[in-house]
Amino acid sequence: KSYRETAKTISEDTDNAISHTAVRNIVLKLGEKIKKIEKEKWTTTTNKGWLGMQFSKFRDFKFENKSGSYIDELLKSLSNKETTTKRFCQILEKCELHMTNFKKFNDIDEGRYSFYSSHTDPQEIESMCQKIEKEKDKNICAFADLKRLENNENNLSLMWAHYGGSHCGVKIDFRIDPNYKGDIYKVDYNIHDKTYNINKLLLSTENTDSEIINILTTKKPCFKYECEYRAISSSIERLPIIIDKITLGRRFATEIVYSQQNEREGFRDDIKNLAKEILEVWKTGVKRGDREPEIWAYKTRYSKEPKKVEFK
């Protein structure tokens, strides 16, 4: 039913007049409260809903030689710990993901919100907005829900294209270290239509913190393919992880013809050597977890799914 029809039904059933605008406001307010309860229940540190979940982080190596051998480029960069793979090597060795200040995120609408105020002095309003901006000065690590990502081929393709260097990078599947003391938040993909009373928003620290998290975990619907979760902290700069699996992009495959025969063939030695080199970097670090990560790759440039790289 529409808000107008619902208002009419309520008025007739209760003999109390109510406008369709009032019905709309009630529905929106209830929706906000339900979402807030669900989010708080999931993100509390005492009830870690993220325990056992698997997530994914994509890395683009940004090779300069786009027409050359990506395997040779990566092997050379890993061996010499060059700039192109410096961050990847740090992830492998330390089993940590870097948390970036939200102001450095690509989307200019990150942290956007609407507000109204009882004050009319522009300078006073500007001062209040600056205070909220200061509260938003937090570190964020963004990553994807692996299950939702792999259940939708379109989402996975977009993530490889936008964050995995158009398959000239890697996908790192991981779990968050159970000893992590912070919170993990699920991103909501809604238009930024919530309007805050800026005066009330600044009344209490608890209220401000809660709403700031809501602001920092809301993105435009066009980003829904990211299936994103976020670790958010004012003090922590690294997210400890347990790496389960690393998948090489399809551009590392040299075979350009997809066929059942090629899918049955074993991996070439250069792919096996690359997998060994990646694991060697991991072994030089903290080696968090009870087993070493698996390395997966595509048999051809157009294979539908990757396969585990087996070697002795």
Side-chain angles (χ1 to χ4, degrees), residues 33 35-59 86-105 110-111 113 131-149 163 171-189 201-202 204-219 226-246 281-293:
K33 286 188 175 181
K35 283 170 61 177
K36 187 174 181 180
I37 290 171
E38 289 178 344
K39 180 173 284 190
E40 288 177 347
K41 180 181 178 182
W42 194 87
T43 58
T44 54
T45 50
T46 52
N47 298 311
K48 296 182 178 180
W50 44 264
L51 277 175
M53 286 185 68
Q54 280 191 301
F55 301 98
S56 292
K57 185 76 174 180
F58 289 78
R59 292 297 306 173
K86 181 179 179 181
R87 184 63 62 83
F88 180 52
C89 286
Q90 289 175 345
I91 294 172
L92 291 175
E93 292 171 349
K94 298 181 180 179
C95 292
E96 292 177 338
L97 294 178
H98 178 68
M99 298 179 73
T100 306
N101 188 282
F102 100 95
K103 292 179 181 178
K104 297 180 181 179
F105 275 39
E110 286 284 353
Y113 63 97
K131 183 176 180 181
I132 292 177
E133 288 301 306
K134 187 176 180 180
E135 294 293 331
K136 286 162 54 183
D137 190 18
K138 299 181 185 297
N139 299 320
I140 298 176
C141 181
F143 37 84
D145 175 358
L146 176 61
K147 185 176 181 179
R148 281 195 294 151
L149 198 63
Y163 299 104
K171 179 168 73 75
I172 304 168
D173 298 340
F174 64 92
R175 288 166 288 136
I176 299 169
D177 189 326
N179 295 317
Y180 172 62
K181 302 300 182 183
D183 285 324
I184 307 297
Y185 300 91
K186 184 178 180 180
V187 170
D188 290 325
Y189 297 96
L201 188 58
L202 295 170
S204 70
T205 302
E206 183 179 352
N207 185 48
T208 303
D209 288 346
S210 176
E211 295 303 345
I212 290 297
I213 291 299
N214 284 332
I215 291 171
L216 294 178
T217 55
T218 300
K219 298 184 72 171
E226 295 176 342
C227 307
E228 188 174 335
Y229 283 79
R230 290 182 167 182
I232 302 178
S233 175
S234 299
S235 57
I236 301 173
E237 297 182 349
R238 297 285 188 274
L239 178 69
I241 63 171
I242 299 169
I243 303 174
D244 293 320
K245 175 179 170 182
I246 297 168
V281 176
W282 177 82
K283 289 175 182 177
T284 63
V286 299
K287 297 185 288 188
R288 185 176 284 120
D290 56 1
R291 61 180 179 84
E292 65 182 25

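In this text the structure is predicted, and so the values were computed from the model without any measurement.
With ring centers used as reference points, F174 lies under 6.0 Å from F143. Ring-centre distance between F55 and Y229: below the 6.0 Å cut-off.
The CG atom of D244 sits 9.0 Å away from atom CG of L146, with the distance rounded to the nearest 0.5 Å. Note that NZ of K136 and OG of S234 are 13.5 Å apart. Values are rounded to the nearest 0.5 Å. Note that CD1 of I172 is 6.0 Å distant from CD1 of I243, once rounded to the nearest 0.5 Å. The structure places CD1 of I246 at 14.5 Å from NZ of K57, a figure rounded to the nearest 0.5 Å.
For the residue pair D173 and S56, a side-chain donor N or O sits within less than 3.5 Å of a side-chain acceptor on the partner.
Inter-residue side-chain proximity for L239 and I176 is flagged as met; some heavy-atom pair is nearer than 4.5 Å. Counting heavy atoms from C-beta on, the side chains of K147 and Q54 never come closer than 4.5 Å. I232 has its side chain out of reach of I184: every pair of non-hydrogen atoms, C-beta onward, lies at least 4.5 Å apart.
A donor-acceptor contact shorter than 3.5 Å links the side chain of T284 to the backbone of V281. Y180 places no side-chain N or O within 3.5 Å of a backbone atom of A231 that could act as its donor or acceptor partner.
Closest approach of Y189 to E228, counting heavy atoms only: OH-N, 2.9 Å.
For K287, the salt bridge (charged side-chain N to carboxylate O under 4.0 Å, His left out) test picks out no residue, with sequence neighbours left out.
Electrostatic pairing of R288 and D177 counts as a salt bridge here, judged by a charged N lying under 4.0 Å from a carboxylate O. Ionic pairing of K219 and E226 is present here: one or more N-O contacts between side-chain nitrogen and carboxylate oxygen are shorter than 4.0 angstrom.
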Show which side-chain atoms of residues 88-102 pair as donor or acceptor with protein atoms under 3.5 Å away, not counting sequence neighbours.
unit_1, atom_1, unit_2, atom_2, d
E93, OE2, K81, NZ, 2.6
H98, ND1, R238, NH1, 2.8
N101, OD1, K103, N, 3.0
N101, ND2, D137, OD1, 2.4

